[in-house]
Amino acid sequence: MIHKAIRGTKDIYGESIDKFDYIIKQAEETFKDKGYRHIITPTFEHTSLFQRGIGEGTDIVEKEMYTFYDRGDRQITLRPEGTASIVRSYIENNFFATEEISKFYYYGPMFRYERPQTGRYREFYQVGLECMGSNSYILDAEVIYTAFSFLKKCNIVDIEILINSVGCPKCRTKYREVLKSYIKERLDNLCNDCKVRYEKNPLRVLDCKVDSCKKEMKEAPNLLEYLCDDCNTHFEGVKKYLDMFEVPYKVDNRLVRGLDYYTNTVFEIVTDRLGAQGTILAGGRYNNLIEEIGGKSVPAIGFAAGVERVSMLLENFDNDNRFDIYVAWMDEDVKEYTFNIINKLRQNNIKVTFEYEKKSVKAQMKKAAINSKNVIIIGSEEKESGLLALKDLDKREQEKLTINEIINKFRK
Ligand code: HAM
């Protein structure tokens with residue numbers, strides 16, 4: 001039997017892994033600059049954490065989790081997202097007692113049983129951050145600015161930032177009722193999913209992608225008009241500081257997220273270059289989640305980007321992974337001399353490759369052309385004179401240099 005990767009999963013190698021590594025590096029640099037520290041949490045947790053955290057009525061919890069019983073009869077779920085685990089860790093490790101503000105960033109695989117298609121997988125990677133300890137709207141704006149800066153650092157500029165406020169439980173309860181009576185009159189014309197949503201999570205009807213639902217919801221009451229004074233002040237503050245951070249954004253009063261934990265600010269960064277999977281990054285504030293999971297009442301906010309989706313947008317990606325120098329050697333007499341040269345080059349951080357076994361010069365030159373920027377060929381003449389011909393394979397130029405001159409050249 002030939003084994004194949006499971007549907008919705010993939011091997012990441014070659015140019016794809018170069019892009020992955022590049023994206024993670026840009027994220028780490030951007031996040032660390034704002035005071036975030038790396039955290040690694042387990043890839044599986046007790047199922048109840050996600051049920052409570054993400055919400056019983058959500059698509060993720062109802063239809064998409066990889067849940068099983070382990071050999072100790074514990075109900076386990078492969079994490080579908082990172083936020084719930086980080087909140088669990090924040091509570092369990094008592095961060096609240098030791099620091100006023102906690103800032104974490106993370107990356108790793110997430111698992112959701114969704115219908116696979118371009119940009120949508122069953123195992124996919126997220127890179128994201130979470131900040132616990134402040135309810136300031138300046139933080140909301142800074143978090144969105146950080147998301148924007150990360151994508152800008154990856155040279156991804158063809159994007160739109162959508163923001164909205166879903167208020168607090170108090171104003172949302174009021175809005176829910178108004179929305180429900182609006183939907184009730186149109187229920188027959190909505191898709192089957194929305195009929196269920198109407199009962200469980202009517203706000204989700206607002207962002208249904210089915211045309212008939214979109215049409216029916218066109219005149220739906222505006223969530224922003226139902227915000228209480230505190231939530232309204234908060235949202236005005238977020239917008240003001242986004243302007244001050246010079247972050248371009250658009251208010252989208254239909255933006256509601258698929259996870260239940262959000263309060264106040266929610267946001268998504270979207271592109272029209274990826275078809276149906278256009279959301280590359282998403283997040284928001286979750287001021288009640290820490291308490292709901294068993295901790296103190298601590299406000300928090302965060303986001304996560306889909307690494308595969310960011311990767312699909314990478315352009316002008318500097319993918320020159322070639323070695324600086326390929327060192328070819330002609331015969332056994334110069335083998336040790338060649339090895340000393342290689343050693344010196346490597347000690348000076350020059351990226352060098354060579355053959356372990358003797359090969360013809362022609363075969364070595366062929367390999368050099370594929371994987372290196374420069375080549376040196378070492379024979380008895382070079383060994384005696386100490387002068388090495390360094391050939392630039394792109395420019396097709398050659399110069400004779402001593403080993404120290406070569407080291408100096410690459411140092412520059
Ligand atoms: P989310 O919107 O479920 O939010 O996922 C965030 C991002 O992960 C999406 O915008 C998308 O780019 C990527 N993503 C989601 N599902 C898939 C999939 N099946 N295949 C490929 N990429 C996918 C969260 O997960 C929240 N935890 C974000 C957050 C952090 N909110 C506050 N803090």
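One-based numbering along the sequence shown.
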Kindly determine whether F95 and F104 satisfy ring-ring contact (aromatic ring centres under 6.0 Å, His included), including the steps that lead there. CA-CA 11 Å; F95 280 97; F104 307 103; 4.9 Å; yes

Please lay out, stage by stage, how T279 and I269 fare under the test side-chain contact (heavy atoms from CB on, under 4.5 Å). CA-CA 6 Å; T279 308; I269 301 189; over 6 Å; no

Just do the side-chain contact (heavy atoms from CB on, under 4.5 Å) check on Y286 and V87 with the steps written out, would you? CA-CA 10 Å; Y286 48 94; V87 168; 3.8 Å; yes

Before giving the answer on side-chain hydrogen bond (donor to acceptor under 3.5 Å, both in side chains), spell out for Q364 and E355 the whole-Å C-alpha distance, their side-chain angles and the decisive distance to 0.1 Å. CA-CA 8 Å; Q364 293 187 75; E355 297 305 322; over 6 Å; no

Start with the C-alpha distance between N135 and R285, add both sets of side-chain angles, then the distance that settles side-chain contact (heavy atoms from CB on, under 4.5 Å), and finish with yes or no. CA-CA 9 Å; N135 190 33; R285 195 164 257 297; 3.4 Å; yes

Check the pair R204 / D193 against side-chain contact (heavy atoms from CB on, under 4.5 Å), numbers first and verdict last. CA-CA 10 Å; R204 292 290 294 163; D193 279 348; over 6 Å; no

Let me see the working for E56 and K200 under salt bridge (Lys or Arg N to Asp or Glu O under 4.0 Å), right down to the final yes or no. CA-CA 9 Å; E56 295 276 7; K200 290 194 170 163; over 6 Å; no

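The distance from the CG atom of D140 to the CG atom of N264 is 7.5 Å, given to the nearest 0.5 Å. Remark: L390 CG to I403 CD1 distance equals 10.0 Å, nearest 0.5 Å. Atom CD1 in I183 sits 9.5 Å away from atom CZ in R176 (nearest 0.5 Å). Summarising the geometry, atom OH belonging to Y198 is positioned 6.0 Å from atom CG belonging to L187; distances are rounded to the nearest 0.5 Å. Once rounded to the nearest 0.5 Å, the distance linking CD1 of I325 with NZ of K391 reads 14.5 Å. Distance CG/L259 to OG1/T83: 7.5 Å, rounded to 0.5 Å.
Annotation for K240: atom NZ does not count as buried by contact number, only 12 or fewer foreign heavy atoms lying within 6.0 Å. In K10, the NZ atom is crowded: over 12 heavy atoms of neighbouring residues, nucleotides or ligands sit closer than 6.0 Å. In this structure, K344 places its NZ atom where only 12 or fewer heavy-atom neighbours from other residues, nucleotides or ligands lie under 6.0 Å away.
Proximity of a side-chain donor or acceptor of R112 to a complementary backbone N or O of M65 within less than 3.5 Å is not detected. Listed for the T338 side chain is a donor-acceptor partner under 3.5 Å among the backbone atoms of V334. A donor-acceptor pair under 3.5 Å is absent between the side-chain atoms of K209 and the main chain of K214, judged by distance alone. Using modelled atom types, no side-chain atom of S372 and backbone atom of N374 make a donor-acceptor pair closer than 3.5 Å. Of the possible polar contacts, one joining the K351 side chain to the R322 backbone as a donor-acceptor pair under 3.5 Å is found. Proximity of a side-chain donor or acceptor of Q277 to a complementary backbone N or O of L274 within less than 3.5 Å is not detected. Formation of a donor-acceptor pair under 3.5 Å by the N348 side chain with backbone atoms of I350 is not found in this model. Side chain of T30 to main chain of Q26: a donor-acceptor pair is present (N/O by atom type, distance under 3.5 Å, no hydrogens or angles). With hydrogens and angles ignored, the 3.5 Å screen pairs a side-chain donor or acceptor of T47 with a backbone N or O of Q75. Panel note: side chain N164, backbone V251; no donor-acceptor pair is recorded below 3.5 Å.
Side-chain atoms of T265 and Y137, non-hydrogen and from C-beta on, never get closer than 4.5 Å to each other. At a threshold of 4.5 Å between non-hydrogen side-chain atoms, the residues I91 and I290 count as touching. The closest side-chain heavy-atom distance from L78 to F68 is below 4.5 Å. Using a 4.5 Å cut-off on side-chain heavy atoms (C-beta onward), R186 and M217 make no contact. L255 places none of its side-chain heavy atoms less than 4.5 Å from the side chain of I163. Side-chain contact between R309 and F124 is absent, with no heavy atoms from C-beta onward closer than 4.5 Å. Residues E236 and N232 meet the side-chain proximity criterion, which asks for heavy atoms closer than 4.5 Å. In this structure, the side chains of I40 and Y106 stay at 4.5 Å or more apart for every pair of heavy atoms.
A donor-acceptor contact closer than 3.5 angstrom links the side chains of S85 and E45. If you check the side chains of Y90 and S102, you find no donor sitting under 3.5 Å from an acceptor. E382 and Y337 share no side-chain donor-acceptor pair at under 3.5 Å. Side chains of E216 and Y182: a donor-acceptor N/O pair is absent below 3.5 angstrom, by distance only. There is no side-chain donor-acceptor pair under 3.5 Å between E81 and Q126.
Between F20 and Y125, the two ring planes are perpendicular [angle over 60°; tilted spans 30° to 60°].
Between D33 and K153 there is no salt bridge, since none of the side-chain N atoms of the basic residue sits less than 4.0 Å from a carboxylate O of the acidic one. Under a 4.0 Å N-O distance rule, the pair K25/E29 qualifies as a salt bridge. Ion pairing between a basic and an acidic side chain is recognised when a charged N comes within 4.0 Å of a carboxylate O; E142 and K103 show such pairing. Under the 4.0 Å criterion applied to side-chain N and carboxylate O atoms, R273 and E315 are assigned as salt-bridge partners. A salt bridge does not link R254 with D207: every distance from a Lys NZ or Arg NE/NH1/NH2 to an Asp or Glu carboxylate oxygen is 4.0 Å or more.
The ring of Y36 has its center no closer than 6.0 angstrom to the ring center of Y105. Aromatic ring centres of H38 and Y107: separated by under 6.0 Å.
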